[in-house]
Amino acid sequence: MGQYWAWAAAYGPAYLKAAGLTLAIATVSALGAVALGALLLFFRTSTGRWGAWIVDAYVQLFRNTPVLLPIYLLYFGFPLIGLVWPAVVCGGLALAMQNGAYVSEIFRGGFRAIDRVQYDAAKSIGLSRWKTFRKVTLPQVLVYSLPALGNQVVLLLKDTSLLSAIAVAELAMQAKLLTERTGAAYEPFLVTAVFYLALVSIVTLVFQGAQRAVSWR
């Protein structure tokens, strides 16, 4: 038991720092994905058939390509056009772009659950398309989409481990560094698994609380 306490005392701060960075990346990327998903839904529903085709093309592109692809493209491609951004920014942006495609489809399902009469009522009182979307559509879409949105955020949180491929010092990268530094074969990754379980549990509880808070029953 003493060796485990010694391990925790020696490397616990490094894990906590990596866990904080992982949670920060996941939070910012999730907010970006939700914002992007909402904009894609608005574009799909407000610009006619050609707008829907553009959104479908974006969604299919990101749904049918691995997450590592946009991560590498942004990290290695941006410097070629003069944009030298930190790896954590490139990685977070790639996660937001990828997950925004999935979120837009989640919102699309929520959008179909809204009674069309509400749009006629909004139009009759002179609301523009944007105000109708912001005040009528989006609040209800968010409520209908909370369960699926929570699952998507969990997937995004786990996908932050892929940022270790561009040397972002999140949890997976921290485990790799400690393995190389200490020679331990499995301990760093077991501890990392515990941290991921804790973070996923926190996200799950947050969304469960949100669902209870906005329940209309």
Side-chain angles (χ1 to χ4, degrees), residues 18-45 51-52 54-75 88-114 133-134 137-166 168 170-172 192-216:
L21 179 59
T22 297
L23 186 59
I25 294 171
T27 300
V28 174
S29 298
L31 291 174
V34 169
L36 179 58
L39 287 175
L40 290 173
L41 176 64
F42 175 73
F43 196 69
R44 178 192 292 277
T45 57
I54 293 174
V55 174
D56 281 336
Y58 179 91
V59 170
Q60 292 304 316
L61 173 65
F62 281 95
R63 287 178 64 183
N64 295 298
T65 54
V67 186
L68 271 176
L69 187 60
I71 292 174
Y72 283 144
L73 284 175
L74 294 184
Y75 182 66
V88 65
V89 175
C90 294
L93 181 58
L95 290 176
M97 293 171 62
Q98 184 92 9
N99 285 272
Y102 289 93
V103 171
S104 72
E105 290 298 285
I106 292 172
F107 285 170
R108 186 182 181 184
F111 174 77
R112 290 175 174 173
I114 301 174
F133 179 79
R134 183 166 55 88
T137 304
L138 187 58
Q140 296 182 76
V141 165
L142 287 171
V143 171
Y144 287 129
S145 303
L146 273 176
L149 195 59
N151 291 335
Q152 191 62 41
V153 172
V154 167
L155 292 175
L156 188 154
L157 173 61
K158 293 189 291 184
D159 280 346
T160 58
S161 62
L162 297 174
L163 302 191
S164 61
I166 56 173
V168 175
E170 43 67 61
L171 279 169
T192 297
V194 171
F195 270 96
Y196 274 116
L197 287 171
L199 292 178
V200 168
S201 298
I202 291 171
V203 170
T204 301
L205 289 174
V206 168
F207 274 90
Q208 288 176 348
Q211 287 177 246
R212 288 193 295 268
V214 300
S215 176
W216 290 327

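Predicted model only: the values in this text are computed from it and were never measured. Residue indices begin at 1 and follow the sequence shown. Just so you know, these numbers use all the heavy atoms, side chains as well, and skip hydrogens, waters and symmetry mates.
One finds the CZ atom of Arg212 at 6.0 Å from the CD atom of Gln208 (value rounded to the nearest 0.5 Å). For the atom pair CG (Leu146) and CG (Asn151), the distance works out to 11.0 Å, reported to the nearest 0.5 Å. The CG atom of Leu41 lies 9.5 Å from the CD atom of Glu105; values are rounded to the nearest 0.5 Å. Distance check, rounded to the nearest 0.5 Å: CG of Asp159 to CD of Gln152 gives 8.5 Å.
Between Tyr196 and Ser161, the closest heavy-atom pair is OH-CB, 3.3 Å. Between Val34 and Phe107, the shortest heavy-atom distance links the atoms O-CE1, 3.7 Å. Taking both residues in full, the closest heavy atoms of Val153 and Ala30 are given as CG2-CB, 4.2 Å, listed atom of the first, atom of the second, then distance. Residue Leu157 comes nearest to Ala26 through the heavy atom pair CD1-CB, 3.7 Å, listed as atom of the first residue, atom of the second, then distance. Counting all heavy atoms, side chain and backbone alike, Ser29 lies closest to Gly92 at OG-O, 3.2 Å.
With respect to Val103, the side-chain contact (heavy atoms from CB on, under 4.5 Å) criterion is satisfied by exactly one of Leu156, Leu36, Leu149: Leu149. Thr22 pairs in a side-chain contact (heavy atoms from CB on, under 4.5 Å) with only one of the listed residues (Thr160, Val168, Thr27), which is Thr160.
The closest donor-acceptor contact from the side chain of Ser104 to the backbone of Leu40 lies at 3.5 Å or more, if one exists at all.
Side-chain contact between Phe133 and Val141 is absent, with no heavy atoms from C-beta onward closer than 4.5 Å. For the pair Ile25 and Leu21, the minimum side-chain heavy-atom distance is below 4.5 Å. Using a 4.5 Å cut-off on side-chain heavy atoms (C-beta onward), Val88 and Glu170 make no contact. At a threshold of 4.5 Å between non-hydrogen side-chain atoms, the residues Ile202 and Leu23 do not count as touching. In this structure, the side chains of Leu163 and Leu95 come closer than 4.5 Å at one or more pairs of heavy atoms.
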Return all side-chain donor-acceptor pairs below 3.5 angstrom for residues 58-75, not counting sequence neighbours, or 'none' if the list is empty.
residue	atom	partner	partner atom	Å
Tyr58	OH	Met97	O	3.0
Gln60	OE1	Asn64	ND2	2.9
Asn64	ND2	Gln60	O	2.8
Thr65	OG1	Leu61	O	2.7

